[in-house]
Amino acid sequence: MLHRDCWSLEPKLMDKEDHYSNSTNISGFLSPFLNKGPMTEDNQSSTLEFILLGVTGQQDQEDFFFILFLFIYPITLIGNLLIILAIHSDIRLQNPMYYFLANLSFVDILFSSVTIPKMLANHLLHSKVISFGGCLTQMYFMIALGNTDSYILAVMAYDRAVAISRPLHYTTIMRPRTCALLVVGSWVVGNANALPHTLLTASLSFCDNKEVANFYCDITPLLKLSCSDIHFNVSMMYLGVGVFSMPLLCIIISYVHVISTILRVPSTKGVLKAFSTCGSHLTVVSLYYGTVMGMYFRPLTSYSLKDAVITVMYMAVTPMLNPFIYSLRNRDMKAGLGILFSKRISS
């Protein structure tokens, strides 16, 4: 166990700015776990605050990333919202593949909204403070949405494998009820994986160093700030990484079936057309898991502030690029967007 001076648990006076920052960030959904009694460490920890160092910690570079996020976030919202509206408005796009794509876009909107608005607000207010409850809430939704995203990507790969390997049985296998259950299951697994990590982190004691080496609260920098015994937390984190990796295994297996089908019937135009739709999905999967591996598939001790730059790709750039990747490489999606714009112009 690390022996460092822990934060004082005595109540302290806060100026107006600290009080405002603290009160606006504490979330109620963790209150049953943080408020265990008037004199408990967990109850008093809810009044503590962390300092988000940002992407690099250098003010001039933080100004650059502020402008970058100010540019990326609206594009992410508009791009993914247009994908959802186009799929909803065009009857040709109302099939399992685009149903999953609409859900992926919805998750990407939430995923970006968990962290970017807070980062932009902190920069404008010249404040880097986030409350203990707000920090845990941010970490919970980052883990939950990240896992949900990965499982939806796996479901999309399974959908393509069925469409190409068993085209005659596709409508029977991928029924609307089955598709809905696959999406609901992705959300359930994502939240189930996030909850234990959040509760375990909430039970830790934190030392006098309150500086989180990132622009949002992630599990890795938080564990490095703790002065409790974190061996169990680290073991659970790597177990969570294993659960997070299961969709990648499903994606690989799905594309093995796709490739084997293509090799058996290389002259079938319908199969080749179906396989062409996999290109966009493979691009998104490569971007997503490439950044995830750079963040979590390594020892905890090697993490530092410079690694926060990798999270920009994972948390901001990938959700922004997804709508472009799927729309620019897909004729049906381009047609759907055209119909959407024509309806808006005529109305």
Side-chain angles (χ1 to χ4, degrees), residues 96-101 103-108 111 142-167 169-170 173-175 178-197 218-220 233-264 271 274-300 302 310-311 313-315 317-319 321-322 325-326:
M97 181 177 73
Y98 294 108
Y99 171 73
F100 297 136
L101 176 58
N103 278 275
L104 181 69
S105 294
F106 178 66
V107 174
D108 284 340
F111 191 65
M142 283 298 297
I143 297 174
L145 293 170
N147 276 267
T148 303
D149 213 334
S150 66
Y151 275 91
I152 290 179
L153 287 173
V155 168
M156 295 174 73
Y158 172 71
D159 171 74
R160 290 300 82 203
V162 173
I164 294 173
S165 302
R166 304 184 65 183
H169 301 89
Y170 179 75
I173 297 174
M174 303 302 294
R175 293 176 296 178
T178 302
C179 296
L181 288 175
L182 288 171
V183 171
V184 171
S186 299
W187 280 93
V188 170
V189 174
N191 284 271
N193 192 28
L195 186 59
H197 297 296
D218 196 11
I219 185 171
T220 305
N233 297 68
V234 172
S235 298
M236 287 297 294
M237 185 184 75
Y238 288 126
L239 177 62
V241 170
V243 174
F244 190 82
S245 303
M246 289 176 61
L248 180 59
L249 179 61
C250 294
I251 292 171
I252 294 172
I253 293 173
S254 297
Y255 277 106
V256 167
H257 283 285
V258 168
I259 294 171
S260 63
T261 301
I262 294 297
L263 294 177
R264 286 199 303 269
V271 174
F275 182 67
S276 67
T277 64
C278 300
S280 300
H281 182 259
L282 283 173
T283 304
V284 171
V285 168
S286 300
L287 283 172
Y288 184 79
Y289 278 99
T291 53
V292 167
M293 290 179 181
M295 290 169 56
Y296 298 111
F297 285 63
R298 56 204 181 99
L300 177 66
S302 66
I310 302 176
T311 64
M313 280 292 297
Y314 168 68
M315 185 275 305
V317 177
T318 301
L321 291 178
N322 287 352
I325 294 171
Y326 278 105

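Worth knowing before you read on, the calculation uses all heavy atoms, side chains too, and leaves out hydrogens, waters and symmetry mates.
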Legend entry - Interatomic distance, Leu282 atom CG to Leu287 atom CG [nearest 0.5 angstrom]: 11.0 Å

Legend entry - Partners meeting side-chain hydrogen bond (donor to acceptor under 3.5 Å, both in side chains) with Asn103 (sequence neighbours left out): none

Inset, instruction - Check whether any side-chain heavy atom of Val183 lies under 4.5 Å from a side-chain heavy atom of Val155, and answer yes or no. - result: no

Inset, instruction - Report yes if some heavy atom in the side chain of Phe100 is under 4.5 Å from a heavy atom in the side chain of Met174; otherwise report no. - result: yes

Legend entry - Residues forming a side-chain hydrogen bond (donor to acceptor under 3.5 Å, both in side chains) with Asp149, sequence neighbours excluded: none

Inset, instruction - Under the side-chain contact (heavy atoms from CB on, under 4.5 Å) rule, collect the residues that match up with Ser254, sequence neighbours excluded. - result: Ala157, Tyr158, Ala161

Inset, instruction - Could you tell me the separation between the CD1 atom of Ile152 and the CG atom of Asp159, rounded to the nearest 0.5 Å? - result: 12.5 Å

Legend entry - Spacing of Asn322 atom CG and Asp108 atom CG [to the nearest 0.5 Å]: 5.0 Å

Inset, instruction - To the nearest 0.5 angstrom, please state how far the NE2 atom of His281 sits from the OH atom of Tyr255. - result: 5.0 Å

Legend entry - Set of residues satisfying side-chain hydrogen bond (donor to acceptor under 3.5 Å, both in side chains) with respect to Ser105, sequence neighbours excluded: Asn80

Inset, instruction - To the nearest 0.5 angstrom, please state how far the CE atom of Met142 sits from the CE atom of Met315. - result: 6.0 Å

Inset, instruction - List for me each residue that meets side-chain hydrogen bond (donor to acceptor under 3.5 Å, both in side chains) alongside Ser165, sequence neighbours excluded, and say none if there are none. - result: Thr261

Inset, instruction - Could you check Leu145 against Trp187 for side-chain contact (heavy atoms from CB on, under 4.5 Å), going step by step and ending with a plain yes or no? - result: CA-CA 8 Å; Leu145 293 170; Trp187 280 93; 3.8 Å; yes

Legend entry - For the student: nearest non-hydrogen atoms of Cys179 and Pro96, plus distance: SG-CB, 3.6 Å

Inset, instruction - Check for a donor-acceptor pair, side chain of Tyr151 on one end and backbone N or O of Met246 on the other, with a separation under 3.5 Å. - result: no

Inset, instruction - Report, as yes or no, whether the 6.0 Å neighbourhood of atom CZ on Phe106 holds more than 12 heavy atoms from other residues, nucleotides or ligands. - result: no

Legend entry - Atom of Asn147, atom of Ile143 and distance for their closest heavy-atom approach: ND2-O, 2.8 Å

Inset, instruction - Mind checking the OG1-CG spacing from Thr148 to Asn191? Nearest 0.5 Å is all I need. - result: 5.5 Å

Legend entry - Set of ring pair (Phe, Tyr, Trp, His ring centres under 6.0 Å) partners for Phe111, sequence neighbours left out: Tyr314

Legend entry - Side-chain donor or acceptor of Asn193 paired with backbone N/O of Val189 under 3.5 Å: no

